[in-house]
Amino acid sequence: VRIPSALLDLHGGFYRSFVAGNNAPTSPLNSWQWCGESLIGIGFIQKHGPEADSHAMDPNHYSAIYVLSGQGTFSDDTGYTAELRPGSIFQRIPGRKHTAIFDPAVRYVEIFLAFSMWLLEPLSRIMLLTQRPVVYLGIDLALIRDLAAAYEALQRVRETDLPRVYLHHLGMLASMFSGAQSRSAQLRGPSMLLAT
């Protein structure tokens with residue numbers, strides 16, 4: 001699947017907060033640091049060379065990173081390692097240090113969805129998001145377009161509409177992981193029945 005350049009060329013991240021931190025500027029915010037304890041965020045990020053890498057990162061909020069372009073490796077402090085390529089989704093989980101290193105010769109583009117952990121609670125109770133830090137969805141152009149529309153919308157949505165936007169972001173996150181789960185099941189094939 002070829003991703004249109006108009007989507008690959010988007011760049012920037014935006015965060016909104018239900019309860020802004022002390023002296024926070026008005027929404028939308030370009031940095032999660034101002035969002036206090038109730039953030040949702042989304043962004044398309046292009047990185048070049050070593051700036052794409054993150055070493056022993058321990059974030060204070062959850063992010064799901066959908067790789068659109070680039071290749072590399074993910075590892076965390078539990079010893080888990082995985083390949084990263086277009087279509088991979090890796091998670092930044094508070095309390096779990098991780099490292100992601102990308103090939104500097106290959107253009108790197110990602111989409112991220114970010115949440116304060118307590119805002120993620122409803123989804124984490126019904127889906128084991130953090131069980132496997134890296135899953136493979138493949139390139140889902142319809143989902144990427146939905147994420148791009150959500151990226152544009154988060155910049156201009158009224159504060160009173162943030163609960164609806166939050167639920168939409170949870171829905172997109174659920175789509176990412178359920179799509180990856182379905183793809184994994186397809187690759188494994190139908191289960192074999194054992195004769196008794």
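One is the number of the first residue; the rest follow in order along the sequence.
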Participant: Rounded to the nearest 0.5 Å, what separates atom CZ in Arg156 from atom CG in Asp161?
Facilitator: 11.5 Å
Participant: Below 4.5 Å, heavy atoms only, C-beta onward: do Ile93 and His98 meet side chain to side chain?
Facilitator: no
Participant: Please round to the nearest 0.5 Å and tell me the distance separating atom OG of Ser75 and atom CD1 of Ile101.
Facilitator: 6.5 Å
Participant: Could you report the tightest heavy-atom contact between Pro86 and Ile139, atom names first, then the distance?
Facilitator: C-CD1, 4.0 Å
Participant: Kindly give the heavy-atom pair with the smallest separation between Gly70 and Val106, and that separation in Å.
Facilitator: CA-CG1, 3.7 Å
Participant: Walk me through whether Glu83 and Gln71 qualify under side chain to side chain contact (heavy atoms under 4.5 Å, CB included).
Facilitator: CA-CA 8 Å; Glu83 172 193 3; Gln71 59 191 35; 5.9 Å; no
Participant: Specify the closest pair of heavy atoms between Ala64 and Phe177, including all atoms of both residues, with the distance to one decimal.
Facilitator: CB-CE1, 4.3 Å
Participant: Tell me whether Leu39 is reachable from Met57 by hopping between hydrophobic residues (I, L, V, M, F, W, Y) whose side-chain heavy atoms are closer than 4.5 Å.
Facilitator: no
Participant: Just wondering, do Leu7 and Arg145 contact through their side chains at under 4.5 Å, heavy atoms?
Facilitator: yes
Participant: Specify the closest pair of heavy atoms between Ala114 and Ser63, including all atoms of both residues, with the distance to one decimal.
Facilitator: CB-OG, 3.7 Å
Participant: Test your reading of the model: is there a side-chain donor-acceptor pair from Gln46 to the backbone of Asp9, 3.5 Å cut-off?
Facilitator: yes
Participant: Before you tell me yes or no, could you show the steps for Ile3 and Val109 under side chain to side chain contact (heavy atoms under 4.5 Å, CB included), namely the whole-Å CA-CA distance, both residues' side-chain angles and the distance that decides it to 0.1 Å?
Facilitator: CA-CA 11 Å; Ile3 303 171; Val109 181; over 6 Å; no
Participant: Could you check if a side-chain atom of Tyr62 sits within less than 4.5 angstrom of a side-chain atom of Leu173, using non-hydrogen atoms only?
Facilitator: yes
Participant: With the 4.5 Å side-chain cut-off for hydrophobic clustering, are Tyr151 and Leu141 part of the same group?
Facilitator: yes
Participant: What closest approach, in Å, do Leu143 and Ser175 show between heavy atoms, and which atom pair accounts for it?
Facilitator: CD1-CB, 4.4 Å
Participant: Quick check: does any side chain N or O of Tyr108 sit under 3.5 Å from a backbone N or O of Asp103, one acting as donor and the other as acceptor?
Facilitator: no
Participant: Does the side chain of Asp77 come within less than 4.5 Å of Arg96's, by heavy atoms?
Facilitator: yes
Participant: Can you tell if the side chain of Glu152 reaches within under 4.5 Å of the side chain of Leu10, non-hydrogen atoms only?
Facilitator: yes
Participant: With distance as the sole test, does Ser88 use its side chain to make a donor-acceptor pair with the main-chain N or O of Val67 at under 3.5 Å?
Facilitator: no
Participant: More than 12 non-hydrogen atoms from neighbouring residues, nucleotides or ligands closer than 6.0 Å to NZ on Lys47, yes or no?
Facilitator: yes
Participant: To the nearest 0.5 Å, what is the distance between CG (Leu162) and CD (Glu159)?
Facilitator: 5.0 Å
Participant: Looking at side-chain heavy atoms only, is the closest gap between Leu113 and Met172 below 4.5 Å?
Facilitator: yes
Participant: Is the side chain of Arg16 donor-acceptor paired with the backbone N or O of Leu154 at a distance under 3.5 Å, no angle test?
Facilitator: yes
Participant: Decide yes or no for His169 and Leu119: does some side-chain heavy atom of the first lie under 4.5 Å from some side-chain heavy atom of the second?
Facilitator: no
Participant: How long is the span from the CG atom in Leu170 to the CG atom in Leu120, to the nearest 0.5 Å?
Facilitator: 6.5 Å
Participant: Out of Leu68, Leu84, Ile65, Ile89, which residue meets the side-chain contact (heavy atoms from CB on, under 4.5 Å) rule with Glu110?
Facilitator: Ile65
Participant: Kindly determine whether Met176 and Tyr66 satisfy side chain to side chain contact (heavy atoms under 4.5 Å, CB included), including the steps that lead there.
Facilitator: CA-CA 9 Å; Met176 291 165 75; Tyr66 186 16; 3.7 Å; yes
Participant: Look up atom CZ in Phe74 and atom CZ in Phe102, then write down how far apart they are to the nearest 0.5 Å.
Facilitator: 10.0 Å
Participant: Taking the side chain as every heavy atom from C-beta outward, state whether Thr81 and Val134 have any pair of such atoms under 4.5 Å apart.
Facilitator: no
